[in-house]
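Notes follow once the structure below has been shown.
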Amino acid sequence: MKFSIARKIVWCFGILSGLASAVWAQNQWIDSILPPDHLLENLPWMGEDGKIESKGLFDFEDLRSSGQKDLILIYRQSVPVNELDKPHNQTLVVCFFDPKTQKYIKNFEDEGGTIQWVKLLSGPTDKKASLIMQRDDLKGNQVLKGFAYLNGGMKQVLEAVAPHVFVKFLGGPDGQQIACSSKEVPKDAESAEHVFSWNNLKDQFAEGKSPGMAGWTGASIEIPAAPVTEAKATPEVEQPDQTKPQTAAGSATQAKSSHPSKGGWWDEPIDLNAASTKLDTELVPNLIQKGQIAVLGQKAKAFFTAAQKQGIGAKEVNSARASYYAAVASAVLDSGDKKGANYYLKTALSFQADNQDALALKEKMK
């Protein structure tokens, strides 16, 4: 009996020693990867059902489709105990195992605001697995990011930013699709404001309901840009004086220099007033009525960017932006979405507080 007890004691001691060795080895490779003043944080993992559960302080996933488990973890800088609950940056780290050194080596990290969730998304082939995450961007917005193992390293393949990003993952013939909206979780692709699919040609996620959809201009949910400042290095573009009579030669010269823009709906060089009127009175109501607000945002963004590049003054561009968002707010209000209209109205006034279109709509909505 005593001998049996002694054997059990030795057996238990052996198990505890083995666990201690494993913990020591774990701490050793983590300490070799991360800075000495780090604090590991729980990894919020989104499952297939959309629920977010903790996977502990780290996880092993086959990001490279190589049969080798890669290390994923999140850490923050160490702070005093009384500051643990304060807002802080988080860093997502991906490490690959090196068979030669038998160690994990840090390959990639992304630093920013609090990470809401992380998900491993399968693609059309095993080699297109993507690590998707949602985090705060430290500017009051949320950002959806995607990374994939391409050309020997982790590369960013998706970025979508909005004040709020709600996501639903959908199955598709060419891999999973990412449906996004800024107000609520979309039910399907049709109800989503944006749908991203894997584009094999670009090796990244492209907006559209099928890979390589024509007209895609960037994997990004547009948020209102900050009011632009005067570009001192760019000379103002001299606009023709419409009040002065033009000679036949002058008219021919002007007609020759005017041509359709790459955006497809305004002419070059840009006549800000004429193009803005077309945007606000034609494109805005037509596209919103068709439910194509994402397409509208892309067309407007391309136009205002082109106007800035041509040297049109910041005051004029911001005034045009304000009128545009006021037109969007009005159209959204007509569709019965007062909450959305309020959002776009506030955006309009942020560009120009005394914009007459925005103020008139504000009075109407009281």
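Keep in mind the model is a prediction, meaning the values are calculated, not measured.
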Does one hydrophobic cluster hold both [X] and [Y], with members joined at side-chain heavy-atom distances below 4.5 Å?
{"X": "L349", "Y": "V328", "result": "no"}
{"X": "L345", "Y": "V284", "result": "no"}
{"X": "I288", "Y": "L361", "result": "no"}

State which residues pass side chain to side chain contact (heavy atoms under 4.5 Å, CB included) with P285; sequence neighbours excluded, sorted by chain then number.
none
May I ask you to decide if [Y]'s main-chain N or O and [X]'s side chain share a donor-acceptor pair within less than 3.5 Å?
{"X": "S54", "Y": "G56", "result": "yes"}
{"X": "E41", "Y": "L39", "result": "no"}
{"X": "Q142", "Y": "V165", "result": "yes"}
{"X": "E61", "Y": "L63", "result": "no"}
{"X": "T305", "Y": "A302", "result": "no"}
{"X": "Q90", "Y": "I115", "result": "yes"}
{"X": "S330", "Y": "A326", "result": "no"}

Between atom CG of L333 and atom CG of N342, what is the distance when rounded to the nearest 0.5 Å?
8.5 Å
As an exercise, state the distance from CD1 of I74 to CG of L43, rounded to the nearest 0.5 Å.
4.5 Å
Does a side-chain N-to-carboxylate-O contact under 4.0 Å join K119 and E48?
yes
Under a 4.0 Å N-O cut-off, is there an ion pair linking R64 with D70?
yes
Checking [X] now: which residues fulfil ring pair (Phe, Tyr, Trp, His ring centres under 6.0 Å) with it, not counting sequence neighbours?
{"X": "F166", "answer": "none"}
{"X": "F303", "answer": "W265, W266"}
{"X": "W45", "answer": "none"}

Is the distance between the ring centroids of F108 and Y149 under 6.0 Å?
no
Taking the six-membered ring for Trp, are the ring centroids of F351 and Y325 within less than 6.0 Å of each other?
yes
Among D357, T347, L296, side-chain contact (heavy atoms from CB on, under 4.5 Å) partner for Y324
L296
Does the side chain of T91 pick up a donor-acceptor pair with the side chain of E109 at under 3.5 Å?
no
Does any donor atom in the side chain of N273 or S276 lie under 3.5 Å from an acceptor atom in the other side chain?
no
Tell me, with the steps shown, if F58 and Y104 meet ring pair (Phe, Tyr, Trp, His ring centres under 6.0 Å).
CA-CA 13 Å; F58 51 87; Y104 276 94; 9.4 Å; no
The criterion is salt bridge (charged side-chain N to carboxylate O under 4.0 Å, His left out); which residues satisfy it with E53, sequence neighbours excluded?
none
Going by salt bridge (charged side-chain N to carboxylate O under 4.0 Å, His left out), name the residues that satisfy it together with D110, two or more places apart in sequence or in a different chain.
R135, K145
Kindly indicate, with the supporting measurements, whether the criterion side chain to side chain contact (heavy atoms under 4.5 Å, CB included) is fulfilled by F169 and L121.
CA-CA 9 Å; F169 293 94; L121 187 66; 3.7 Å; yes
